[in-house]
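Lettering of chains follows the sequences in order, A, B, ..., and the numbering in each one begins at 1. All values derive from a computational prediction rather than experimental measurement.
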Protein chains: 2
Amino acid sequence: MRNLLKDKKLSETPFRKEVLEVFGNYSNAISMSVIEKGLKDYNRITLYRTIKIFLEKGLIHEIALSGEPSNYALCDSTCSSELHQHQHVHFKCTLCETVTCVEVAEFPSLHLPNYQIEQLEIQASGICKVCLKKE
Amino acid sequence: MRNLLKDKKLSETPFRKEVLEVFGNYSNAISMSVIEKGLKDYNRITLYRTIKIFLEKGLIHEIALSGEPSNYALCDSTCSSELHQHQHVHFKCTLCETVTCVEVAEFPSLHLPNYQIEQLEIQASGICKVCLKKE
DNA sequence: TATTTTATTGCAACATTGTTGCATTTATTG
DNA sequence: CAATAAATGCAACAATGTTGCAATAAAATA
Ligand SMILES: [Mn+2]
Ligand SMILES: [Mn+2]
Ligand SMILES: [Zn+2]
Ligand SMILES: [Zn+2]
């Protein structure tokens, strides 16, 4: 297993490791409140600063949602301070409410006349594979 | 010109009209702070409630952005309390920072194995047509 | 149009979320 | 292990969002 903190040149502190563990406990993206519940004990300010620096250094990425708090998920190794490059779709299930990063065979492309597109972000919603099976 | 308030069965108040006027003054999506600057005088709480009910009734839609406040834009007439249905792309310019709703000839489609997609939301970023011309 | 009914507004008070300066503690470097 | 650099926790604050309730304004009714 990769050492995310060392890779991104961040000091290894017990708290940062614990936050990363929380992310590791989920296969989906998680909100701030889920992170908080997953921590034994925490200082609110330190947590904010931790999330902020994880975002900046490309350890995690933010998934902004309309009408509700953002979710966060681990990036893959290609992300850095310079560029978050994701070729995956963010899927929000309308039943179980989970947000998942879904890898996709061929990422859609788009051409807009008169616009120069540098990045595409796709958010899909509907029913996730877990909920589909339950039906 | 359509009467948005009556159409969506909302009381016509001077304040709501003024907020709609602010939206009308822009061809792009705007943030809460831009709305506030566009109003002569306003009560913070009333403004929140106004935005909230405009969202609920489908007069406006929210564009959630990572790391910065949401933007809002007028919906087209097809939107209602039940369903916001947009076949457009949200474009954020990395130069002028504006967020625009861009109509697109053919909206991309996506298939995810094991997922049932009900809605797609696409956010593109890059250089907008205004900034491209200036270069 | 006058009256009744219903909805909106503004105030006060509060809750949540996010930020900053600074001293203390901890991790990293050599 | 000592020196240095970085992270943490506290206090204080700022910004954002919410709720109950009385006053006011809009809509519906007669
Ligand atoms: Mn993702
Ligand atoms: Mn739009
Ligand atoms: Zn689900
Ligand atoms: Zn631009």
Side-chain angles (χ1 to χ4, degrees), chain A residues 2-23 29-72 80-81 97 99, chain B residues 2-23 29-72 80-81 97 99:
Chain A
R2 228 152 28 87
N3 185 327
L4 294 171
L5 293 169
K6 270 192 182 154
D7 287 0
K8 299 294 161 65
K9 301 204 167 69
L10 283 173
S11 319
E12 284 191 274
T13 70
F15 185 69
R16 288 180 177 169
K17 286 187 207 164
E18 199 190 345
V19 172
L20 287 179
E21 261 178 53
V22 176
F23 278 103
I30 52 180
S31 66
M32 207 57 165
S33 69
V34 170
I35 299 171
E36 290 176 38
K37 278 171 206 134
L39 295 167
K40 287 189 292 293
D41 183 30
Y42 68 98
N43 178 278
R44 215 171 55 87
I45 294 135
T46 305
L47 179 54
Y48 275 119
R49 290 198 269 228
T50 302
I51 294 301
K52 201 175 204 179
I53 205 164
F54 280 8
L55 286 168
E56 285 167 9
K57 298 281 182 168
L59 273 83
I60 62 174
H61 59 282
E62 181 180 356
I63 301 152
L65 303 163
S66 298
E68 56 194 306
S70 287
N71 275 35
Y72 302 91
S80 68
S81 321
E97 308 267 280
V99 175
Chain B
R2 227 151 28 86
N3 186 327
L4 294 171
L5 292 169
K6 271 193 182 153
D7 287 359
K8 299 294 162 68
K9 301 205 167 68
L10 284 173
S11 316
E12 284 191 273
T13 70
F15 185 70
R16 287 178 178 171
K17 286 187 207 163
E18 199 190 346
V19 173
L20 287 180
E21 262 179 50
V22 176
F23 278 103
I30 52 180
S31 65
M32 207 59 165
S33 69
V34 170
I35 299 171
E36 290 175 37
K37 278 171 206 134
L39 295 167
K40 288 190 292 292
D41 183 30
Y42 69 97
N43 178 280
R44 215 169 55 86
I45 295 133
T46 305
L47 178 54
Y48 275 120
R49 290 198 270 228
T50 302
I51 294 301
K52 201 175 202 179
I53 205 165
F54 281 8
L55 286 168
E56 284 166 11
K57 298 281 182 169
L59 273 84
I60 62 175
H61 58 283
E62 181 180 356
I63 301 153
L65 303 163
S66 299
E68 57 194 305
S70 286
N71 275 36
Y72 303 91
S80 69
S81 320
E97 308 268 280
V99 176

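Residue B:Met32 is the one, among B:Ser11 and B:Met32, whose nearest nucleotide of DNA chain D lies closer to the 5' end (criterion: closest heavy atom). Nearer the 5' end of DNA chain D, as judged by each residue's closest nucleotide, is the contact made by A:Pro14, out of B:Glu12 and A:Pro14. Both B:Ile45 and B:Phe15 lie close to DNA chain C; mapped to their nearest nucleotides by heavy-atom distance, the more 5′-ward contact belongs to B:Phe15.
Side chains of A:Val22 and A:Lys37 form no contact here, defined as non-hydrogen atoms less than 4.5 Å apart.
Looking only at atom types and distance, the side chain of B:Glu12 has a donor-acceptor partner in the side chain of B:Asn3 under 3.5 Å away.
Here the CZ-CG distance, from A:Phe54 to A:Leu5, works out to 5.0 Å after rounding to the nearest 0.5 Å.
Nearest heavy-atom pair across B:Phe15 and B:Asp41 is CE1-O, 4.1 Å.
The phosphate of D:dA7 has neither OP1 nor OP2 within less than 4.0 Å of any side-chain N or O from A:Thr50. Between A:Thr13 and D:dT8 there is a side-chain polar atom (N or O) within less than 4.0 angstrom of OP1 or OP2. Proximity of B:Thr46 to the phosphate of C:dG10: a side-chain N or O atom is located under 4.0 Å from OP1 or OP2.
Nucleotide C:dG30 has D:dC1 as its partner under the Watson-Crick or G-U criteria, with both atom distances under 3.5 Å.
Using a 4.0 Å heavy-atom criterion, one finds that B:Arg44 contacts the bases of the nucleic acid, with or without backbone contacts as well. Within the nucleic acid shown, B:Pro69 has no heavy atom closer than 4.0 Å to any nucleic acid atom.
Side-chain to base pairing of B:Arg49 with D:dG17: no donor and acceptor N or O lie closer than 3.5 Å to each other.
Side-chain atoms of B:Tyr48 lie closest to D:dG17 of the nucleotides D:dA7, D:dG17, C:dT8.
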